2 protein chains.
Amino acid sequence: MDVRALQTLRAVRTQGGVTGAAAVLHLTPSAVSQQLAGLTRDAGVPLTERVGRGLRLTAAGDALADAALDVAVALERARSACAEFAGSPTGTVRVSAFQSAARLLLPGLLTRVAARGGIAVECADEDVAQDAFPALADRHDVVVAHRPAEGPAGWGDGVRVVPLLREPMDVAVPVDSPLAARAALAPADLDGAGWIAVREGFPVARVLDDIGVRAGTVPRVVQRINDFHVVEALVAAGHGIALLPRYSCGGHPGVRLVPLAGVRAGRQVDALVRPDVAERRVVGVVLDELVALAAELRRA
Amino acid sequence: MDVRALQTLRAVRTQGGVTGAAAVLHLTPSAVSQQLAGLTRDAGVPLTERVGRGLRLTAAGDALADAALDVAVALERARSACAEFAGSPTGTVRVSAFQSAARLLLPGLLTRVAARGGIAVECADEDVAQDAFPALADRHDVVVAHRPAEGPAGWGDGVRVVPLLREPMDVAVPVDSPLAARAALAPADLDGAGWIAVREGFPVARVLDDIGVRAGTVPRVVQRINDFHVVEALVAAGHGIALLPRYSCGGHPGVRLVPLAGVRAGRQVDALVRPDVAERRVVGVVLDELVALAAELRRA
DNA sequence: CCTGTCGATGTAGCGTCGCTTCATGGACGT
DNA sequence: ACGTCCATGAAGCGACGCTACATCGACAGG
């Protein structure tokens, strides 16, 4: 039972296919397919089944992929077992964050980690649909992701979740709007307004829907924009109002953020780490700095 | 970090050297040495150090060997994860037992396992010094071992221990001896007697010493014989008395077993299994049958 | 003190295994 | 029906790990 093939199986599951797995593993699809064939051979049962032009894991394959994760954890523990004796942790950690969190967290993280010395942090900004965040954990060691604060965590069980921040969502209105004078806004106050939302399937898209449900109406979405800076510019120009996170949006002069009243609306920012890479000491250090930084920001 | 090399490191520890490990792994010493070199290279710290003409694991090597065991367990769990889907357990299990336990347990075990079908049991009888029992777990799946019943288990932490039987040790005396008429014998009754003991370092050798300590004298050992049948023949011929396990010694007509009074003396029979092989379903089945058989014998 | 043995470790050579490249075969959308 | 996408085979090549053999140091005996 080849260990590399086991990890490949895991990647096939998270990436949803041979081609995707091949990409994150830096292999050709053919190699992945061959590994799967070999694994199936000495498993004795089919691990994958074709569905359309892609494929999917069978129940046995799913169980084996779960076990593969434990194998990876044990292996990484072995690595760090002798890293204990090798001195202070060293290496490079790849961190990915969605745009606004990257702006909020990465600068501070880099200085904090640099202060300890010996650890390199490779940053990347990747913002994807909510379902796709866990898959990023194959390409990066730490993935900063976000989701509606209310409701369950919802990041499958292939990743370890480290909560970082809970950020309220405020209503962004033009400064010259009558709404801007209010201290707080109830859902009823917003009835009939034109909303600038994020693209379907992306995090916090559902938050707006929830507000609509509580108000008894369907929010009228006039635009779908993911970049908050663009949203601010549109709001300032009077093209609609929007839900924006309170802290990670640098105040556009033409926009005012007004708290919501009557409903809890927020987004939760989490760090996602694959259990095996969580065993690496360096990753643990970076993660510690990240939560410490988040705590500091929460106090400010 | 190569998995095979990790298991090799484990074997080097249990077998006490490169040559021994090579033997149980069916490799040449050179291959083992090369694996160790490679492992040391990507561990970054020395894992072994020379001592005399042999070698010993360093602290880092010891920690890594511990971790290697967890890796093996995780891997075996992966194997059995899809074996769940492959139907009823099948395969061959290698069982080793010391002489008297083999006589007592193996016949019943074979019939019990044969009744289930699909599982082959390869038997072997190996009786070694007490310290050497755990090392046998590299060559066999299940090792039936024995030790003084009083005192701690004492089988290192590289094996899982499954208790099977506790067997009292009786005093074997010639039937024509005046001692044979007694219902029980206290240590004081045996003062000055000539003992036939087992070889130094072998299990239950210390039981006799314990009795001496309680009686305040040092037992006078006249012979050291490991095979209980030979011991019985010598006792019957009047060459000394001996401590023999009550159940697993078929009564020699010239020998009578008299219980000890005043001291608890017994041997504990355990099954030793390496944690990773314990994950194999077949091994679990055989082990279950073994404890069931032992329970049945205990009742009889 | 020298010698023989034992155990670990290097070196040369060979087999095997897994990867890439290229080609094939279904499945879906236009 | 055609082109595209995705998984999978076949051929070839490179790398890795093994065996066989030689070497070196450590211990025991003459």
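Residue numbering restarts at 1 for every chain, and letters A, B, ... go by the order of the sequence lines. Values in this document were obtained by computation on a predicted structure and should not be read as measured data.
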Modelled atom types, side-chain donor and acceptor of Ser30(A) and Gln34(A), under 3.5 Å: yes
Identified side-chain hydrogen bond (donor to acceptor under 3.5 Å, both in side chains) counterpart of Ser100(B) within the set His146(B), His229(B), Arg267(B): Arg267(B)
Rounded interatomic separation in angstrom, taking CG from Asp42(B) and C1' from dC16(D): 14 Å
Side chain to side chain contact (heavy atoms under 4.5 Å, CB included) between Val222(A) and Ile196(A), worked out: CA-CA 6 Å; Val222(A) 294; Ile196(A) 302 173; 4.3 Å; yes
Heavy-atom check, side chain of Asp127(A) versus side chain of Phe133(A), under 4.5 Å: yes
Residue whose closest nucleotide on DNA chain C lies nearer the 5' end, Arg50(A) versus Asp2(A): Asp2(A)
pair Arg274(A)-Arg10(A): side-chain heavy atoms closer than 4.5 Å: yes
Stem list, DNA chain C (Watson-Crick or G-U pairing under 3.5 Å, at least 3 consecutive pairs): C:1-30 with D:1-30
Distance, rounded to the nearest Å, where Gln34(B) contributes CD and dG7(C) contributes P: 19 Å
Side chain to side chain contact (heavy atoms under 4.5 Å, CB included) assessment of Val231(B) paired with Val198(B): CA-CA 9 Å; Val231(B) 173; Val198(B) 297; over 6 Å; no
Which atom of Val24(A) lies closest to which atom of Ala11(A), heavy atoms considered: CG2-CB, 4.2 Å
Gln7(B) CD to dG17(D) P, straight-line distance once rounded to whole Å: 16 Å
Interatomic distance where CD belongs to Glu49(A) and C1' belongs to dT8(D) [whole Å]: 17 Å
Backbone N/O of Leu47(A) and side chain of Thr58(A): donor-acceptor pair under 3.5 Å: yes
Nearest non-hydrogen partners of Ser96(B) and Leu136(B), listed with the distance: OG-CD1, 4.4 Å
Between P of dA8(C) and CG of Leu9(B), the distance in whole Å: 14 Å
Within residues 14-33 of chain B: residues closer than 4.0 Å to DNA chain C (heavy atoms): Gly17(B), Val18(B), Thr19(B), Pro29(B), Ser30(B), Ser33(B)
Length of the line joining Leu36(B):CG and dG17(D):P, which is rounded to integer Å: 13 Å
Salt-bridge contact Asp70(B)-Arg77(A) (side-chain N to carboxylate O under 4.0 Å): no
Enumerate the protein-to-nucleotides 28-30 of chain C contacts in which both atoms are nitrogen or oxygen and the separation is below 3.5 Å.
none

Nucleotide dG18(C), atom C1' - distance to CE of Met1(A) in whole Å: 18 Å
Distance below 4.0 Å between Gln35(A) side-chain N/O and dC19(C) OP1 or OP2: yes
Rounded distance (Å) that lies between atom P of dC5(D) and atom CG of Leu55(A): 18 Å
Leu39(A) side, atom CG; Met1(A) side, atom CE - distance, nearest 0.5 Å: 5.5 Å
